[in-house]
Structures are given as structure tokens and as C-alpha cells.
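This report refers to the structure that appears directly beneath it.
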2 protein chains.
Amino acid sequence: MSPPLRPTRPEPGSAPPGARKGGTRHDHIVEDIRSLIVDGRWPPGSQLPVETELAERYGVSRMTMNKALGQLARDGFLVRRKKSGTQVAQPRAESAVVAIVDIRDEVRRSGRAYRFHLLARRARPGREEDALLLGAAPGVGEVVWLQGLHLADDRPFCLETRLINPAIAEGAKAQDFTDLTPGGWLLGAVPWSVASHRVRAVNATAAEAKLLELAVGEACLEIVRRTQAAGEWVTGVRLLYPGSEHQLVANFGPEAGGGPGRG
Amino acid sequence: MSPPLRPTRPEPGSAPPGARKGGTRHDHIVEDIRSLIVDGRWPPGSQLPVETELAERYGVSRMTMNKALGQLARDGFLVRRKKSGTQVAQPRAESAVVAIVDIRDEVRRSGRAYRFHLLARRARPGREEDALLLGAAPGVGEVVWLQGLHLADDRPFCLETRLINPAIAEGAKAQDFTDLTPGGWLLGAVPWSVASHRVRAVNATAAEAKLLELAVGEACLEIVRRTQAAGEWVTGVRLLYPGSEHQLVANFGPEAGGGPGRG
DNA sequence: CGCGCCCATATGTCTAATCATAATCGGCAA
DNA sequence: TTGCCGATTATGATTAGACATATGGGCGCG
């Protein structure tokens, strides 16, 4: 069950108390310990010295050490239990997180020119098939349906099909989406959003293939995002990427922690 | 650009100082403010009272309030800048995180019986094509190559192709994978792992389609995971899911935060 | 009127101290 | 030997106080 060698009381490797140059003290400590763990110098399951001793070794107060250890625990690198002390966490599952980023940023980051081309827009009553995009029936009210193409260097990059709740996102009927993307506009117009995502692989239909300039049946990455605000649905969108064009990438440590920025 | 109504100094809604029942004080405050934000009562961009005032209203010290606000800022709900004070964050991008979970857990959670069927295993010198799975050349040493099928109720669920570094993962040549999955075995045998993931949509080749009992060319979700330990590659794996079978789901708040557990 | 300096201010960080909580360890008794 | 119970101990939470730092706005000078 357990590897042959597993130390029990690791030393805080190369951590001379006065050797930091930038950042705050507990940030420095967090980075130091994180590297010790990721590099394998502190294997999972190994016991850390007690808080007071670590604080002494790093030359900080127990509170500062506590903050650093608490952060590492919150990020999934450490497991802390009363009395038992602090241990390096075991990698729990082959889980990961994948970031889905904004399309415009994505295109621009790849050094290509971004453009959005609105293909169609209609205001119509909600239908039953809309539930596919929204997860639930849109209700009796009117919805705004639209379809557009995200272009990278004027070549198709992603096909967007979207439903907007005009009751919440006013102006959706009037908004000109020739330059601004519906997503970007909504982000500015709607107060808040909680969303759920679904990622699948699908074969391109004839219509989709034509718009994306693909062969019929080519594998595409489908991302469906449903956004809510204050309990009401705001928008449902289906993004279709050619499989050859797009990929989701994640680099991560033990659990999922760390995250994008760190403040 | 901005919504018509946007309060500037919101009140800490239903937060009487003595009305908490469980959890710690700053956890309670975090939950309270989070709900205020998610419910839309504190719209993005609105200014919060200063730390000292909030601390007074909640009946805690500034340190505790600071901890709560710092946590909310770390999770992306708030933006804090010196002098300017604390504001509710604008939803910055249409970004999300998607969790990739362990296959066995995944199958079992869907109520089906899980089984792994090893198709082939070979120990051979590293080749140049292995870089596709590992990101870099495997070096001069020997590698263990294997292919197997994850079955749900004895029907193909996922095709796994894997390379293992036997120098690190000893026993890879001898291990019997008829019941235990290679991924599960590696997690127990190898001390630590840092991994990178890539998710794409691909069309099934003839060989893949036959193994997964699909039509040739059917869209599949491809997940490539490269795992390292102590700077050395441990394993590279390619998981191929039929697009109709598999989907990745994410539910999330404003940025990516919140995460799995919080305690 | 415009530019730049200065300071009030709000957050950021850190400390020492105290109380709370939980879990382990060891002793004691049945 | 076994089981229970309390003492020990390590983390967790919280507080008041102090200093650091950045910055936005006001004020003065050119």
C-alpha cells in the first residue's frame, strides 16, 4: 500500500529565515513549502514539524506560520488535523480542472486577429427545444435567439448559438453584435452570473460543417454554458469548436487549488 | 456601459451580529457576503463599507473581518485595493473550471458495474512517437506501454493508452491490471504527481472505433494527461471517450473559486 | 489653469496572547 | 487484557495593537 521509503519528519529544506527577497513572509513560506512538496522532497503522508517549531525555523510568529499552513491546506497540499498535526496530502484522485477562457482573449493570445460575425438574430416565443440549451423550459415569455461565428484571422474559429432572456438582459434585441460579442456584452450588462458548463465531443452536422468550413462529421468540442442571475436564467450558449482547432489545457498541483490569480 | 441602478454603499443585509449558529465567525461572514453577492443584492462594482465598519457591524475584530474579506477576494468575489477600499468584483471572463474525475468513480457513480480489461502490455525502448503522450522524449531508457478498456456494465466506456516510466514506477512490468486500473495503481505506488491535461475532440480511427464499438469517425473526447514526480516523467495516458457517453461538467461561481471542499 | 507634491486613509501584514476544540496517549480500574 | 476517562498537546479562532504601503485627492506652486 505504501512506498518503501517515507520519511516522517522532514526538514524545511533550503529555508534560511532571512533569505527572502520579495513578497510577504507567508507567501514566501507558502512557495517554499509548495516547492518542497511538488519536487518530491516532502513525499505525501510525511509529517511536518509542529506549527510552533516551523514558525521558529522560518523566523516568524505562529500566526504567520498558521496563515501559510492554512493556505496550503486550503489549496489541498496539506492535511491538518488537531492533535495529529500537519501532513503532506496524498494525491486523492486523478482529477483536474480545466479552464474555459473567453474566446476573444483566447484568439488574441494566439496572436491572431479576432472578429465576431453575427449570422442571425430573432426574437421569438420560447419553445420546448430551448430546454436543451437552458436546462429548463424558458417559460412563457419571449426569448432572443442568435447565432454567430467567432473568427480568427477571418477564418472560422467557433460557432456560437445563444438564447438570451430579454426580461433580464434588456437591450438584447437592440444590441448590435457586429463588434462586441454577445458574451462580452452580457457580462457588462447583467449584474451577476452563476453558470454551469458541459463539455462534450460531437460530430459536426452538415450545417455546422459548412459554417465552420469543415468536413461533415468532423469531431468538434461542444461547450454548453448556462448562466443564471438571482435565480432567473439569463442566457444559454452552445460553443462549437473544430476539434483540430481547440483544446482545453490544465496544469495543476495536487487537488485543483492554486487557481488562476492569487491576489 | 453601466446598469441603471448601482448602489454605492450596500448594507450587510440580514446579518445581525449574534445570529449565527454553526461554523466559525469568519466562515459565517464569508457565507453571508457571498450570498449577498450571488443573489445580486450586492451588484458588481458596488463599494463595501471599510473594514473597520464591517467588523463593527458583524461584531468581530478587524483581523477576523480581514480574514473573511481576504478569503472572498482570493475566491474572486471581491476586489481589494489600498485606499480605494473593497468592491464587489465584476465577472471578468466567461471562464470556468471543469473537473476530470477518476474513471472508476465516474462509472460507479452512474450506478453501473466497473471493470478494466487489459488489452496489451509491452516493455520496450522509448521511441520518438512517445513524445506525443509524454510531451518530451522519454529518453534512452525502457518504457512500459499498455492499452486497456474501461468497461461499464461490460460495455466499452473508455479506451486507455498509457506509457509508464519503470525507473520510477517499479513493478509496472509485473503488475496485474485485471482488476486494478493502471491509474489507480500508480496513485498508490508513486509518491507524488504533478500533472498537465489536454482535452480535445477527435474522430475515432478504425482501430479505436472497433474497440469502443463505435462507428468509424465518431466524435470522441480525448484527454491526455502527463504526470511527473520530482521532475521526472512518471506516466502519460490518453483516455478516449465516446462523445455520446461522456461529458465534463462544471458548476461554479464568479471566477473559479469556491472549489471542491472549503474546510 | 495645469502639474506635481504631500498627506490622510484604507488595506496589508505581523505579533503576542488567550481561549476553544479535538484527538491521541497513557493510566487506572474492572 | 480490555475498556473507559482524563491529561496532554497540537491546531483553530479570535483579539488588540502596531507598523507598512500604496494611493487618491487636495493643495500649493509655477
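What's counted below: heavy atoms across the whole structure, side chains too, no hydrogens, waters or symmetry copies. Protein chains get the first letters and strands the later ones, always in sequence-line order, with residue 1 at the start of each.
OP1 and OP2 of C:dA10 both lie 4.0 Å or more from every side-chain N or O belonging to B:R80. Not one side-chain nitrogen or oxygen of B:T86 sits closer than 4.0 Å to the OP1 or OP2 atom of C:dA10. Look at A:K83 and you won't find any side-chain N or O under 4.0 angstrom from OP1 or OP2 of C:dT21. Dashed line: the shortest gap from a side-chain N or O of A:T52 to OP1 or OP2 of D:dA10 is not under 4.0 Å. Put simply, A:H26 has a side-chain N or O that comes within less than 4.0 Å of OP1 or OP2 on C:dC14. A close approach under 4.0 Å does occur between a side-chain nitrogen or oxygen of A:R25 and OP1 or OP2 of C:dT15. Between B:S84 and C:dA10 there is no side-chain N or O to OP1 or OP2 distance below 4.0 Å. For the pair A:R62 and C:dA16, the criterion of a side-chain N or O lying under 4.0 Å from OP1 or OP2 is not met.
At distances below 3.5 Å, not a single donor-acceptor pair connects side-chain atoms of B:Q87 with backbone N or O atoms of B:R81. Distance alone, capped at 3.5 Å, is enough to place a donor-acceptor pair between the B:N165 side chain and the B:A167 backbone. Under a 3.5 Å cut-off, the side chain of A:E53 and the backbone N or O of A:L48 do not form any donor-acceptor pair.
Heavy-atom nearest nucleotides on DNA chain C were determined for B:L69 and for A:M65, and the one closer to the 5' end corresponds to B:L69.
Ring geometry, B:Y114 versus B:H150: the interplanar angle falls from 30° to 60°, so the pair is classed tilted.
Atom-to-atom, CG of A:D27 to C1' of C:dC14 comes out at 13 Å; the value is rounded to the nearest Å. In this structure, B:Q87 atom CD and C:dA10 atom C1' are separated by 13 Å, rounded to whole Å. Between the P atom of D:dA10 and the CD atom of A:E51 lies a distance of 11 Å, rounded to the nearest Å. The CG-P distance, from A:L78 to D:dA10, rounds to 17 Å in whole Å. Here the C1' atom of nucleotide D:dT11 and the CG atom of A:L54 are 12 Å apart, to the nearest Å. One interatomic measurement links the two molecules: CG of A:N66 to C1' of C:dT21, which rounds to 14 Å at whole-angstrom precision. One atom, CD of B:Q71, and another, P of C:dG12, lie 14 Å apart when rounded to the nearest Å. As a whole-Å value, the separation of A:K67 NZ from C:dA16 P is 16 Å.
B:T86 places none of its side-chain heavy atoms less than 4.5 Å from the side chain of B:V79.
Taking the side chain of B:M63 as heavy atoms from C-beta on, and the options C:dT13, C:dT11, C:dA16, the nearest nucleotide is C:dT13.
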